[in-house]
Amino acid sequence: MLKIYNSLAREKQDFVPINPGSVRMYVCGMTVYDYCHLGHARVLVVFDMVQRWLRAIGLEVCYVRNITDIDDKIIKRASENNERISELTARFIRFMDEDAAALGVEKPDHEPKATEHVPQMLELIRQLEHNGLAYQAAAGDVNFSVRKFPGYGRLSGKSLDDLRAGERVDVDASKEDPLDFVLWKHAREGEPCWASPWGEGRPGWHIECSAMSSHLLGPHFDIHGGGQDLQFPHHENEIAQSEGAHGKRFVNYWMHNGFVRIDDEKMSKSLGNFFTIRQILRNYDAEVLRFFILRAHYRSPLNYSDTHLDDARQALSRLYTALKSAPSSAAAVDWDEPHAMRFAEAMNDDFNTPEACAVLFDLAAELNRSKSTALAGQLRGLGALLGLLGREPQAFLQATPASGGEMSAASIELLINERMTAKKRKDFAAADRIRAELLSAGVVLEDGAQGTNWRRA
RNA sequence: GGCGCGAUAGCAAAGCGGUUAUGCACCGGAUUGCAAAUCCGUGUAGGUGGGUUCGACUCCCGCUCGCGCCUCCA
């Protein structure tokens, strides 16, 4: 039985799909005006893992991850770059796709774009107005009236009065309540806009997700995910909009992944302390980054540093090294085998990937002892469920970092042959000199029965 | 100020009311020409003060420290 920590209930709950055997899941994706950073990498990888596991336990999954391609920051960036918004967003969607693919993230079933769902948003706003939850303010914006929606603050655990107390933002005088949020922004000079019953304008940020999720998954679906920072106000507002418009429950399980941190501080655009995915991938294998993310629990904070990635690389090397000792292919997992059972138990416990990884290491140790092809198959099969261990061991162990500057495989082989010759005539001094030379170039040699293997340190 | 989360060995990171987490690093042994890899073995934990209990890292309370949300953010 799968258990999921539901942010709304603040506890782990048995997962019961609305329709037996199938799951509908929506995750807030990226706003595409810049490169994806490590925080985005975490959302991508975490929910990819969730999606894979849901399928692994036999559920039919419809996974939607949206793309926000119209908003203040996009407009600002496009004007700074002096380019069209559609060019800017198309470029960063492409970069996002490249990064996601590198990280082994499978394509969601749908990736709706905000600009392609304006009619659905307008319909939602119309419904909200009809239900007395939306009003057009003097300035022309259409706002959501939070005071009229009972239960506002349930997800974030805040009462309206608590929220008032912490107000740090200039109050917009045209709002009925300072916490009311914008559904439709009236058009401004030089900004893109759409026609609407409330005049020309463009959608507020929160309405996008409500419109796209209900359009593709219906008004009531199983899982809604995203980064912890979206819990308030974004997800809170989504609930208010969707339930306010449809008059029924919106989402059964809310999942929020923890932040990536740098030096114990949240990594974010506003703090400017972020690393982009492609920056990291210049020096580290993408699978190492994926493993680094999955070896922590998705709800825990994840501190990033080069040292931690080095550590993750060493650990992943151990798994691939074990795999090298027995031929294997990613066969179907034998779920009656003890390791697989432990793995499933861990994953069913709110996606406990650190525990699942520990099982992989136990399996590797066992494999190193037994050289069992069956165990190698299990290791590959279980790894595949996390999107790991899909490559040939040599390919991983000998991979060259994207930044280059490494000794080529051909030169390495040449030196290894030279060393072989030296070894044959018992000239160990010469052999060791070559080995030391390779080591200083970041290449480690392993002499075995069938000759010498090498890998990058 | 309000609300919430966390504190585990040198580092990273889980589970668990009593029995080895796991990985990296470290130490001893096997193996090796020597290494590397691997295997065998050992060591290093649970912020702090109380409480509950036969027994607490695990449950409860206080304190301290750290982080997050209350504004755009994954």
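The sequence lines fix the lettering, A, B, ..., with proteins before strands; numbering per chain opens at 1.
Residue-level contact check: Asp362(A) touches the backbone only, with heavy atoms under 4.0 Å from sugar-phosphate atoms and none from bases. Nucleic acid contact class of Phe232(A) (heavy atoms, under 4.0 Å, all strands): sugar-phosphate only. Using a 4.0 Å heavy-atom criterion, one finds that His234(A) contacts no nucleic acid atom at all. Among the heavy atoms of the strands lying under 4.0 Å from Gly29(A) are primed sugar atoms or P, OP1, OP2 only; no base atom is included. Nucleic acid contact for Asp432(A): base, since at least one base atom lies under 4.0 Å from a heavy atom of the residue. Among the atoms of the strands shown, none is found under 4.0 Å from any heavy atom of Arg299(A). If you check every strand for non-hydrogen atoms under 4.0 Å, Arg42(A) touches nothing. In this structure, Leu230(A) reaches the sugar-phosphate backbone alone: every heavy-atom distance under 4.0 Å involves primed, P, OP1 or OP2 atoms, never a base. Using a 4.0 Å heavy-atom cutoff across all strands shown, Asp311(A) reaches at least one base atom of the nucleic acid. Among the protein residues, Ala346(A) comes within range of no part of the nucleic acid, since none of its heavy atoms lies under 4.0 Å from any strand. Base engagement by Val260(A) is indicated by at least one non-hydrogen atom pair under 4.0 Å involving a base atom. Ala315(A) comes within 4.0 angstrom of the backbone, heavy atoms only, and of no base.
As rounded to whole Å, 15 Å separates atom P of rC72(B) from atom NZ of Lys76(A).
Taking side-chain N and O atoms only, Ser300(A) has no distance below 4.0 Å to OP1 or OP2 of rG6(B). Put simply, Arg455(A) has a side-chain N or O that comes within less than 4.0 Å of OP1 or OP2 on rA37(B). Between Asn257(A) and rA74(B) there is no side-chain polar atom (N or O) within less than 4.0 angstrom of OP1 or OP2. Remark: Arg369(A) is in phosphate contact with rC40(B), judged by side-chain N or O atoms under 4.0 Å from OP1 or OP2. Listed pair Lys371(A) / rU38(B) fails the phosphate criterion, with no side-chain N or O lying under 4.0 Å from OP1 or OP2.
Rounded to whole Å, the C1' atom of rG68(B) lies 14 Å from the corresponding atom of rA74(B). Taking atom P on both nucleotides, rG47(B) is separated from rA7(B) by 8 Å, rounded to a whole Å. Comparing rA30(B) with rU44(B), their C1' atoms sit 24 Å apart, to the nearest whole Å. For the C1' atoms, the distance from rA45(B) to rG10(B) is 11 Å, rounded to whole Å.
Side-chain to base pairing of Arg318(A) with rC24(B): no donor and acceptor N or O lie closer than 3.5 Å to each other. Below the 3.5 angstrom threshold, one finds no donor paired with an acceptor across the side chain of Asp161(A) and the base of rG2(B). Judged by distance alone with a 3.5 Å cut-off, a donor-acceptor contact links the side chain of Arg435(A) to the base of rA35(B).
Taken to the nearest 0.5 Å, the CD1 atom of Ile93(A) stands 8.5 Å off from the CD atom of Glu111(A).
Residues Arg369(A) and Glu366(A) are paired through a salt bridge, judged by an N-O separation under 4.0 Å between the basic side chain and the carboxylate. Ion pair Asp285(A)/Arg456(A) not flagged as a salt bridge, since none of the NZ, NE, NH1 or NH2 atoms sits closer than 4.0 Å to an Asp/Glu carboxylate oxygen. With respect to the salt-bridge test (charged N to carboxylate O, under 4.0 angstrom), the residues Asp349(A) and Lys12(A) qualify.
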